[in-house]
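In what follows, chains are A, B, ... by sequence order, proteins preceding strands, each numbered from 1. Worth knowing before you read on, the calculation uses all heavy atoms, side chains too, and leaves out hydrogens, waters and symmetry mates.
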Amino acid sequence: MVVLALPDLTPHLPGIIFGLFTAFAVAGALIAATAPKIVHAAFGLMASFFGVAGLYFQLGADFVALAHIIIYVGGILVLLVFGVLLTGRTQALLGIEKGHKTTGAVLIGGLVFFGLMLAIAGTEWNAVEDPGDPKPTTAAIGRAFLDPDQYLIPFEVASVLLLAALVGAAYLARRRREA
Amino acid sequence: MQIWIDSIVARTEWLQGLPIGFLYTIGILVACGLILIFASLFAGEVVWMERRISGRMQARIGPNRVGPQGLIQFLADGIKLLSKEDIIPKSADKPIFLLAPVVVFMGAFTAFCVVPWGYGLVPADMNVGLFLVLSITSIEVVGLIMAGWASNSKWAILGAMREVAQVISYELPLGVAALAIVLLAGTMNMTDIVVQQEGWIWNWYIFRGPFAFAAFFIFFTAALADLKRAPFDLPEAESELVAGFHTEYTGFRFALFFVAEYCAMILFSLVTAVLFLGGWSPGFPVDLNGPWGRWIGFGVMFAKLTFLLFVMIWIRWSLPRFRVDKVMYLCYKVLLPLSIVCVIGIALQVLFANAFLGGSAFGDWLMGRAP
């Protein structure tokens, strides 16, 4: 009988997993911010999205995590890459383009970071000791969306906004008829 | 999954000294490994099935030399692919070129973890299982663009463009048809969806009213297009694009694309079986909760999987390829409106049954509840 003397990492497991997801998100974001080729930046963004989705999973928000993947990776990222590929600015694609507007970007990014840090420091967080097994979230989200006292009106306004965007896109993309 | 590991640990003495977190991690890795082995090997067998069936349909024999009836032909093919030279084109974007097959394979493979093979025979019994299948498979699209763009070849990029346009478009009717079944089931948990279809064959969701019946065909057609199977295989049209997005890939990387394609076929067959054809339920009332019943359920699921795969292969070798504009026409002007009609129809069906037939057996049947 072999007795393995393993260090018991069980209490640290959530921390280790959190670290992995965070590393993924931050590394992806760094690639997105610094990659010379714009396509590499887009795919770095994908890694970042995955890291963030993993963090949502760890918080027990499974629906939000999957919605994050299907919307950001499956939708917005694909659209972004398509846009990059179809605009035909090959210089930016190949990373030859000079003169990145670094100063302004750093300034705006720094301001946003500062604001976020202020907000984080100023919020009183509800610490949860042990969230236990993740509970079903979809039914609660659905009820909250359709409850007039909660989010019915924002939900409907968002739907109308999206519908308007859809109609507008179809109008712009349709074939022009000869007058 | 946790319950299984707990019960194994309770029965095995020498495991009890080990840290439980370590055991959970190992248990999940073992489960993932088992699925990975099963999916890859079975994908090989599906390739063999496809070649034999297509041979039969074209009045020839097909591969029958390696093993009984050619059953292990895929191993010979695999060894041949692995021993090929690994070529990376000089003008390719190397990191993305290397990463693309992995992303495609991940997209096709991850969703296997929520598919139930029998009562409790599921690695991750997630509350949003169906949604996970739909969202994880959308990662594949990103891998396709990566492959097409990084190859730096006109055929690869054209194939990838066609493919991405097609897959994104067909995700809409696919998702909406699945939504119809979610309305009927009242849950996205794959195990619960199957449990509500147990009993006689008319409890299967495909037979619960005309809208569910239509939703089955919409879902299956959209799945075929999502999988780039003929008649929707324009992205790989040999006569126009050589081989589409994987034109420049050789050896092991090509094998990854190939296996991912067949894994996705298996995945969508399994999901169709779970959503519409009663999953592991054989079509008559029988208790499958015992240790043996689970394996009978596994066999039933396997039979349904094989049947659906056969239908996919049958369609591929019977129908000619669509024209590119007809593919988009079918998606946006036929399947999408029809699937929306299905969702509204099923919503009305459930409301009607709830209001007028509540409590009766027929009402429960219309509402999609368990018998």
### Message
When you compare the side chain of B/Ile136 with that of B/Met106, does any pair of heavy atoms fall below 4.5 Å?
### Response
no
### A/Tyr72 atom OH, neighbour heavy-atom count above 12 within 6.0 Å
no
#### Entry: Side-chain donor or acceptor of B/Thr110 paired with backbone N/O of B/Gly107 under 3.5 Å
no
### Message
With a 3.5 Å distance limit and no angle check, can you tell me whether B/Tyr170 reaches the backbone of B/Val327 through a side-chain donor-acceptor pair?
### Response
yes
## Note on the structure
Comparing B/Met146, B/Glu171, B/Met188 against chain A, the one with the most heavy-atom pairs below 4.5 Å turns out to be B/Met146
### Task
Among the options B/Val167, B/Ile157, B/Ile168, B/Ile145, pick out the one with the most heavy-atom pairs lying under 4.5 Å from chain A.
B/Ile145
### Heavy-atom donor-acceptor pair, A/Ser159 side chain to A/Phe155 backbone, under 3.5 Å
yes
### Task
Identify which part of A/Ala67 has an atom lying under 4.5 Å from any heavy atom of chain B, answering side chain, backbone, both or neither.
both
### Summary
Okay, B/Leu99 and chain A: the region with an atom under 4.5 Å from a heavy atom over there is neither
### Message
Please rank A/Leu77, A/Val78, A/Val73, A/Ile71 by heavy-atom pairs under 4.5 Å with chain B and give me the top one.
### Response
A/Val78
#### Entry: Side chain, backbone, both or neither of B/Val103 within contact of chain A (heavy atoms, under 4.5 Å)
side chain
### Task
Identify which part of A/Phe43 has an atom lying under 4.5 Å from any heavy atom of chain B, answering side chain, backbone, both or neither.
side chain
#### Entry: Plane angle bin for B/Tyr249 and B/Phe97 - parallel if under 30°, tilted between 30 and 60°, otherwise perpendicular
parallel
### Among the listed options B/Val141, B/Asn189, B/Ile96, the residue most often paired with chain A at heavy-atom distances under 4.5 Å
B/Ile96
### Query
Taking atom OG1 of B/Thr187 and atom CD1 of B/Ile181, what is their separation to the nearest 0.5 Å?
13.0 Å
### Query
Given a strict heavy-atom distance threshold of 4.5 Å, which part of B/Met126 is in contact with chain A: side chain, backbone, both, or neither?
side chain
